[in-house]
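Heads up: the structure comes next, in C-alpha cells.
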Amino acid sequence: MEFKLIRTNRKTVAIQVNPDLSITVRAPRYASKREIDRIVEKNETWIYKHIEIIKKNKADYEALNVEKLTSEEIKTLAEQALKLIPQRVEYFARQVGVDYGRITIRNQKTRWGSCSSKGNLNFNWRLIFALEEVVDYIVVHELAHRKEMNHSRAFYNVVASVLPDYKVQEKWLKENGEKLWNCV
C-alpha cells in the first residue's frame, strides 16, 4: 500500500485517509520503515473502510446539487427545518440526559448551530440539505454543550457516548459544508 510518510517529533504513528483517497502516515523520527509498514499493513481494514466512507460522502455531496435560492425558498426551507430539528432535539436530549430552552432556526453565516448558557439552541436552516446523520451530529453536539460549555475531551466524550462515529459526520461537514454555505 502506498502512502506519504511524514516524520515528526510525535510519539505514535497516525494514519490519515485524505479526501483525494491518498494516505498520509505521520510517524516518530526514530520509527523504522519496517515498523511503519507493519503498522500500516495491520490497519489496512480501517484504511479501506475510510476510503469507502469518503467515496460515499463524495457521492452524497455531488447529489446535493444545491443552487442559489430566493428569499421565499429560504423561508420555506427554514420552516421545514423548524419541523425537523426540534424532533431530533427532543429525541437526543433524552439520550444525552439534558433539558433545553428555546429552539430557533437562523440564517447564521458561520455556524451550524449554537447553544447559549441558558440552554437555548440555534440551528442553521441550511442543515435541511445535510444528511440525516449530519443533522443528528449537530443536534447532539449542541446538546452536549448543556453538560460541557466548551470543546474539551469531556465534551467530546458526551458526544461519543451518543454518537460513537461522530467524527465521520464532522469530517463530512468539513469536506462538504462549503457547498451548503454557498446556496444563498
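Using cut-offs of 30° and 60° for the angle between ring planes, the Tyr166 and Tyr156 rings count as parallel. Taking the six-membered ring where tryptophan is involved, the planes of Phe155 and His145 are essentially parallel, since the angle between them stays under 30° and well short of 60°.
Here the CG-CG distance, from Asn18 to Leu21, works out to 9.0 Å after rounding to the nearest 0.5 Å. In this structure, CD1 on Ile23 lies 13.5 Å from NZ on Lys4, to the nearest 0.5 angstrom. Considering CD1 of Ile15 and CH2 of Trp46, their distance stands at 6.5 Å, rounded to 0.5 Å. In this structure, CD in Glu142 is found 15.5 Å from CZ in Arg88, a value given to the nearest 0.5 Å. Note that CG of Asn122 and CZ of Arg106 are 4.0 Å apart. Values are rounded to the nearest 0.5 Å. Taking NZ of Lys75 as the reference point, atom CD1 of Ile105 lies at 15.0 Å (rounded to 0.5 Å).
Side-chain N or O atoms of Lys147 include one that pairs as donor or acceptor with a backbone N or O of Val96 at under 3.5 Å. Here the side chain of His141 pairs no donor or acceptor atom with the backbone of Tyr137 at under 3.5 angstrom. The backbone N or O of Asn124 lies less than 3.5 Å from a partner atom in the side chain of Gln108, making a donor-acceptor pair. With Arg126 contributing its side chain and Trp112 its backbone, the two residues share no donor-acceptor pair below 3.5 Å.
In this structure, Val162 and Pro164 approach most closely via the heavy-atom pair O-CD, 3.5 Å. Scanning both residues, Ser32 and Arg7, for their nearest heavy atoms gives C-NH2, 4.2 Å. Across all their heavy atoms, Leu127 and Val135 have their closest contact at O-CG2, 3.4 Å. Summarising the geometry of Pro86 relative to Ala81, their closest heavy-atom pair is CD-O, 3.7 Å, with the distance given to 0.1 Å. Contact between Val40 and Val25 at its shortest, heavy atoms only, is CG2-CG2, 3.7 Å. Here the closest non-hydrogen pair linking Ala27 and Leu5 is CB-CD1, 4.0 Å.
Neither Phe123 nor Met149 shares a network with the other; the hydrophobic side chains, linked directly or stepwise wherever heavy atoms of I, L, V, M, F, W or Y lie under 4.5 Å apart, form separate groups for each. In the hydrophobic cluster analysis, where Ile, Leu, Val, Met, Phe, Trp and Tyr join through side-chain heavy atoms closer than 4.5 angstrom, Leu121 is grouped together with Tyr91. Val13 and Ile6 fall into different hydrophobic clusters, where Ile, Leu, Val, Met, Phe, Trp and Tyr residues are linked whenever their side-chain heavy atoms come under 4.5 Å apart, directly or through other members.
The side-chain heavy atoms of Ile47 and Met1, taken from C-beta on, include a pair separated by under 4.5 Å.
Partners of Ser161 according to the side-chain contact (heavy atoms from CB on, under 4.5 Å) rule, which considers only residues two or more places apart in sequence or in another chain, do not exist here.
In this model, no donor atom of one side chain and acceptor atom of the other lie less than 3.5 Å apart for Thr104 and Asn120.
Within 6.0 Å of the CZ atom in Arg34, the count of heavy atoms belonging to other residues, nucleotides or ligands does not exceed 12. Other residues, nucleotides and ligands contribute at most 12 non-hydrogen atoms within 6.0 Å of the CZ atom of Arg111.
Between Arg94 and Glu90 there is a salt bridge, since at least one side-chain N of the basic residue sits less than 4.0 Å from a carboxylate O of the acidic one. A salt bridge between Arg38 and Glu41 is absent, with no side-chain N of the basic residue lying under 4.0 Å from a carboxylate O of the acidic one.
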### Query
Could you go step by step and tell me if Ile138 and Leu173 meet the side-chain contact (heavy atoms from CB on, under 4.5 Å) rule?
CA-CA 10 Å; Ile138 296 296; Leu173 277 173; 3.4 Å; yes

### Message
Applying side-chain contact (heavy atoms from CB on, under 4.5 Å) to Asp37 and Phe3, what does each step give before you reach the verdict?
### Response
CA-CA 10 Å; Asp37 288 340; Phe3 56 87; 3.3 Å; yes

